[in-house]
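Everything below concerns the one structure shown next.
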2 protein chains.
Amino acid sequence: MSDNSTPTGPLDAQSATPLYIQLAEIIAKQIASGSLAPDRPIPSENRLAEEYGVARLTARRATQELRDRGLVVTVRGKGSYVTPANGG
Amino acid sequence: MSDNSTPTGPLDAQSATPLYIQLAEIIAKQIASGSLAPDRPIPSENRLAEEYGVARLTARRATQELRDRGLVVTVRGKGSYVTPANGG
DNA sequence: TCAGATTTGTTCGTATGTATT
DNA sequence: CAATACATACGAACAAATCTG
């Protein structure tokens, strides 16, 4: 289908940039702007999936991307937290 | 019938119908038949998981499906109970 | 009040299968 | 075929509520 429904959120399925990268960028900006403060949890994978209309695994990849960039630390069974600016 | 979309017995992992739907159907039938009476608790998530050889989360999804159908009410820390016929 | 067991609630970790591009 | 994306499913850990002793 060349037709594509209008994106319900800020994510653009037409973009050459993968959805999980787009989502990671959005969260990264929120961290940079202070909207998501150090030591505070970011939304859960399920929450992000619901919010942005993607699968949980896609939300998960976004979180992993943020980990690769050192922006968050993840704790199994708890969640992902914004990396403290002072490093601990 | 070659159709197996609504199995009445054991769970069929090969079926196109998800396991949690299959399990929900089984319990729903037990409620309809009176095998599980109103106001009585249904088996716990762990119990269902053991009984039917599925993961706890899969048993949990079945229970949530029953909640969506209004067949049971769930109380945290206690269990899920068959919805009373009088609608309570 | 406290400790322990049971049960539901939540979250991350991982794997498989299918569909689309 | 490869990368991306989604649905389902199992596993592990943590959390909160309930009940018993």
- Considering residues at least two apart in sequence or located in another chain, which fulfil the side-chain contact (heavy atoms from CB on, under 4.5 Å) criterion with A/Arg76? none
Below 3.5 Å, can you tabulate the donor-acceptor pairs from side chains in residues 41-50 of chain A to any protein atom, sequence neighbours excluded?
| unit_1 | atom_1 | unit_2 | atom_2 | d |
| --- | --- | --- | --- | --- |
| A/Ser44 | OG | A/Arg47 | N | 3.0 |
| A/Glu45 | OE1 | A/Arg56 | NE | 2.9 |
| A/Glu45 | OE1 | A/Arg56 | NH2 | 3.0 |
| A/Glu45 | OE2 | A/Arg60 | NH1 | 2.9 |
| A/Arg47 | NH1 | A/Glu51 | OE2 | 3.2 |
| A/Arg47 | NH2 | A/Glu51 | OE2 | 2.9 |

- Query: What residues, two or more places apart in sequence or in another chain, satisfy side-chain contact (heavy atoms from CB on, under 4.5 Å) together with B/Ser35?
  - Reply: B/Gln30, B/Ser33
- Min and max contacting nt of DNA chain D in 5' to 3' order, chain B heavy atoms within under 4.0 angstrom, are D/dT8 to D/dC19
- Item | Closest non-hydrogen atom pair, A/Thr63 against A/Ser80 | CG2-OG, 3.3 Å
- Item | Non-hydrogen atoms of B/Leu11 and B/Leu19 that approach each other most closely | CB-CD2, 4.0 Å
- Message: Tell me every residue that passes salt bridge (charged side-chain N to carboxylate O under 4.0 Å, His left out) with B/Glu65, counting only those two or more places apart in sequence or in another chain.
- Response: B/Arg69
- Nearest heavy-atom pair of B/Gly70 and B/Thr83: which atoms, and what distance? O-OG1, 2.9 Å
- Note on the structure: Counting primed atoms, P, OP1 and OP2 as sugar-phosphate and everything else as base, the B/S/- map of nucleotides 3-12 of chain C against protein heavy atoms under 4.0 Å is ----BBBBBB
